[in-house]
Amino acid sequence: MHMPRVLDTVRTTALEAAVLTGRLALYSTGVLAERPVPADRADLPGPRPVLLLHGFVDNRSVFTLLRRSLARHGWPHVACANYAPWVCDVRAAAERLGRHIEELRERTGQQRIDIVGHSLGGLIARCHVQFFGGDAHVHTLVTLGTPHHGTRAVPAMSVHPVVRQMRPGSALLTELAAPAPGCRTRFVSFWSDGDQVVSPPESARLDHPDLRRRTVRVRGVGHLTLPLHRAVIARIRSELVAADGVTVPATSSTEVA
């Protein structure tokens, strides 16, 4: 391995360790479900509501910076959904996600929402869209480091049923790869060449011939850092705005340095 690449790996690993320390410190702040949006904010104008969905053994506290950024830039309706840390089936979690979506739609009076899902959260949201009719209510799904094509990292974790569902070639991923004609949701998949949890990192790129999809490559950002990285957050905002104001090809790829 060339020296610059070694240095990049060391920097990414060091930042991931620092992020993990911070995540552990903040974890307790996101264990409980959040309070509903106050009634006096329910009719505020602005972009579509955004629902944030965390990754494996995590909670809503991972989105603290992203949530603040969206609110600061004009999103009046941003909500986080926790799913149980002991969830053992992605499909079951995807079906339950429908309740969170319906609650957010009812509170805001909006027909459709956007979702940003980190890691497993993105896979749960994708399952909801493809298996449970979620494309009727989810306009855009942004995934961050989601193993759309599986991950081979940490083989010892395969004892957990959800991790087995995220392995390449699993029954779940095979079903997701099946034809999905007429899906109305727009997908934006962020993947990073510094991701050490999704292995290989390119597995986080959504590649499906029936889905309207856009790929964003991120350079040198680790898996845990993705939802906290300033440039990634800025790009998420841009992609959510572009969903309404810019026409893009059904399949396109861009990059965040």
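Side chains are part of it too, since the values below use all heavy atoms of this structure and drop only hydrogens, waters and symmetry mates.
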Test side-chain contact (heavy atoms from CB on, under 4.5 Å) applied to Val232 - qualifying residues, sequence neighbours left out: Leu144, Phe190, Val218, Leu226, His229, Ile236

Which residues share a side-chain contact (heavy atoms from CB on, under 4.5 Å) with Thr146, sequence neighbours left out: Leu123, Thr143, His148

Straight-line distance of Leu176 CG to Gln165 CD, nearest 0.5 Å: 10.0 Å

Distance, nearest 0.5 Å, that separates CG of Leu211 from CZ of Arg214: 16.0 Å

State, with a plain yes or no, whether a side-chain heavy atom of [X] is found less than 4.5 Å away from one of [Y].
X: Ser158; Y: Arg167; answer: yes
X: Asp114; Y: Leu141; answer: no
X: Leu173; Y: His149; answer: no
X: Val162; Y: Asp89; answer: no
X: Leu240; Y: Leu70; answer: yes
X: Glu239; Y: Thr140; answer: no
X: His223; Y: Val198; answer: yes
X: His77; Y: Val50; answer: no

Looking at [X] and [Y], would you say the former's side chain and the latter's main chain have a donor-acceptor pair under 3.5 Å?
X: Thr151; Y: Val197; result: yes
X: Asp135; Y: Cys183; result: no
X: Arg67; Y: Val78; result: yes
X: Thr108; Y: Leu104; result: yes
X: Arg212; Y: Arg184; result: yes
X: Ser199; Y: Ala153; result: no
X: Thr174; Y: Ser170; result: yes

SB check Glu202 Arg217 (cutoff 4.0 Å): no

Under-4.0 Å salt bridge between Arg91 and Glu95: no

Of all heavy-atom pairs between [X] and [Y], which one has the smallest distance, and what is that distance?
X: Arg112; Y: Ala136; answer: NE-O, 3.6 Å
X: Leu53; Y: Gly121; answer: CD2-O, 3.2 Å
X: Ala125; Y: Leu97; answer: CA-CD2, 3.7 Å
X: Ala177; Y: His208; answer: O-NE2, 3.5 Å
X: Cys80; Y: Phe63; answer: SG-CB, 4.3 Å

Near-ring test Tyr83/His54, centroid separation under 6.0 angstrom: yes

CA sep, side-chain torsions, deciding dist, call: Arg107, Glu102, salt bridge (Lys or Arg N to Asp or Glu O under 4.0 Å): CA-CA 9 Å; Arg107 290 205 310 264; Glu102 186 60 28; over 6 Å; no

Verdict with reasoning, Glu103 to Arg99, per salt bridge (Lys or Arg N to Asp or Glu O under 4.0 Å): CA-CA 6 Å; Glu103 289 171 2; Arg99 303 172 195 169; over 6 Å; no

Arg164, CZ: over 12 other non-hydrogen atoms inside 6.0 angstrom: yes

